[in-house]
*Asks:* 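Quick one: the structure is below, questions incoming.
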Number of protein chains: 2
Amino acid sequence: MEAIEILNQHKLRVTNTRLLVLNFLMAQQKAFSHADLEIQFSKQINRVSIYRVLYTFLACKILCKFVDSNARVLYVFSAQSQHQDEHPHFKCNQCDQVIHLPQLPQDYIALLKEHQVEQLHLLVEGVCKDCLGEEKMK
Amino acid sequence: MEAIEILNQHKLRVTNTRLLVLNFLMAQQKAFSHADLEIQFSKQINRVSIYRVLYTFLACKILCKFVDSNARVLYVFSAQSQHQDEHPHFKCNQCDQVIHLPQLPQDYIALLKEHQVEQLHLLVEGVCKDCLGEEKMK
DNA sequence: AATTTAATGCAACATCATTGCAAATATAGA
DNA sequence: TCTATATTTGCAATGATGTTGCATTAAATT
């Protein structure tokens with residue numbers, strides 16, 4: 001799907017800023033921080049606008065947001081409506097690729113049955129299949 | 001165990017600053033951000049010193065550090081050496097109590113077998129047993 | 001008590017995030 | 001296609017958060 005279609009689908013105005021950011025994020029399965037995007041678009045978009053575009057996309061669930069182990073907030077495109085709620089992510093430490101993971105098994109959550117679970121944030125970091133493959137090639 | 005013993009055990013100098021912070025954190029099973037502690041000790045300890053005390057305690061594993069869903073870095077006392085490595089936490093949204101959880105089951109991690117898992121960060125948020133109990137009392 | 005070594009406070013700075021407002025731009029309707 | 005309206009953007013200012021260097025103070029060792 002095209003970026004412009006996605007904006008229309010969510011009844012968002014089609015602006016240059018939004019197209020730039022969305023096309024960029026759609027082009028790769030990587031997660032970016034605000035700082036990353038700020039550098040990427042330093043000549044074209046104001047920092048504050050980037051914050052606002054991210055905020056808007058997040059509200060529409062065009063993007064997923066998660067926090068890495070260094071408390072960096074990362075944004076990644078999520079082929080929309082596919083991932084409704086908060087879900088686990090795998091992030092490759094080498095290529096920064098992000099993979100959306102299935103929910104945790106119920107029997108683990110059942111361990112917590114005395115408590116009422118509201119949210120569950122899981123981030124797995126490591127080396128992805130592709131990068132492992134490349135290492136073997138060498 | 002007393003705060004002073006813990007400091008000795010880790011060959012850390014026993015200073016007023018460290019005793020204040022450690023006693024405070026040991027007295028309750030809650031997680032605090034740097035900002036929380038800064039407010040708590042605003043009259044007694046310099047902000048920078050709080051950063052440095054936290055850094056030192058973390059290196060000794062006297063504290064656990066984790067990041068919540070709002071990218072706030074939280075510190076919680078951990079009866080030491082009990083929790084060697086990174087492990088999941090449950091944080092109560094009502095009383096802020098933090099409970100240290102067991103590691104994830106291997107069969108979930110096995111799901112990721114194509115990838116090489118290096119770190120795994122899990123934070124569960126919800127309402128703890130105690131707070132649920134109190135609600136029923138009303 | 002004197003010496004050595006480490007910790008603290010302070011000031012300055014760097015980074016990251018938010019807000020209000022005026023100017024620019026996208027959309028809807030004539 | 002032009003105009004009116006509502007939204008988005010850029011800019012400036014501010015606030016929050018985190019880091020560093022250095023002089024001073026305090027803890028441990030002898």
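Predicted model, so just to flag it, every value in this text is computed and none were measured.
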*Asks:* Figure out the CG/P separation between B/L37 and D/dT17, and round it to whole Å.
*Replies:*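 Rounded to whole Å, this separation is 13 Å.
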
*Asks:* Where along nucleotides 25-30 of chain D does protein come under 4.0 Å, by heavy atom, of base (B) or sugar-phosphate alone (S), with - for untouched nucleotides?
*Replies:* -BBS--

*Asks:* Of all heavy-atom pairs between A/C60 and A/H10, which one has the smallest distance, and what is that distance?
*Replies:*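 For A/C60 versus A/H10, the nearest heavy atoms are O-CE1, 3.3 Å.
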
*Asks:* Is the ring pair A/H100/A/H87 parallel, tilted or perpendicular, if the boundaries are 30 and 60 degrees?
*Replies:*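 The arrangement is tilted - the two ring planes meet at 30° to 60°.
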
*Asks:* Walk along nucleotides 9-21 of chain C from 5' to 3' and tag each nucleotide B, S or - by protein heavy-atom contact under 4.0 Å, base first, then sugar-phosphate.
*Replies:* BBB----SBBBB-

*Asks:* Mind listing the closest non-hydrogen atom pair of A/L74 and A/S33 along with its distance?
*Replies:* CD2-N, 3.6 Å

*Asks:* Is there a ring pair (Phe, Tyr, Trp, His ring centres under 6.0 Å) between A/F32 and A/F24? Walk through the geometry before answering.
*Replies:* CA-CA 10 Å; A/F32 296 90; A/F24 178 76; 4.9 Å; yes

*Asks:* Do side-chain atoms of A/R18 reach the backbone of A/L7 as a donor and acceptor pair under 3.5 angstrom?
*Replies:* no

*Asks:* For B/I50 versus B/E38, what's the shortest heavy-atom pair and its separation?
*Replies:* CD1-CA, 3.7 Å

*Asks:* Without decimals, in angstroms, what is the distance between B/I39 CD1 and D/dT17 P?
*Replies:* 8 Å

*Asks:* Nearest whole angstrom, please: distance from the P of D/dG18 to the CG of B/L74.
*Replies:* 11 Å

*Asks:* Distance check needed: D/dT8 P versus A/F57 CZ, whole Å only.
*Replies:*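 Whole-Å distance recorded here is 11 Å.
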
*Asks:* Assess whether atom CD of B/E2 is packed by more than 12 heavy atoms of other residues, nucleotides or ligands within 6.0 Å.
*Replies:*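 Check fails, neighbour count at 12 or below.
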
*Asks:* Using whole Å, report how far CZ of B/F41 lies from P of C/dT8.
*Replies:*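 One finds 13 Å between P of C/dT8 and CZ of B/F41, rounded.
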
*Asks:* Using only heavy-atom distances, determine whether the side chains of B/H121 and A/E125 contain a donor-acceptor pair under 3.5 Å.
*Replies:*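 Distance-only check passes for B/H121 and A/E125.
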
*Asks:* C/dA7 C1' sits how many Å from B/K11 NZ, rounded?
*Replies:*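 Checked: the NZ to C1' distance equals 19 Å.
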
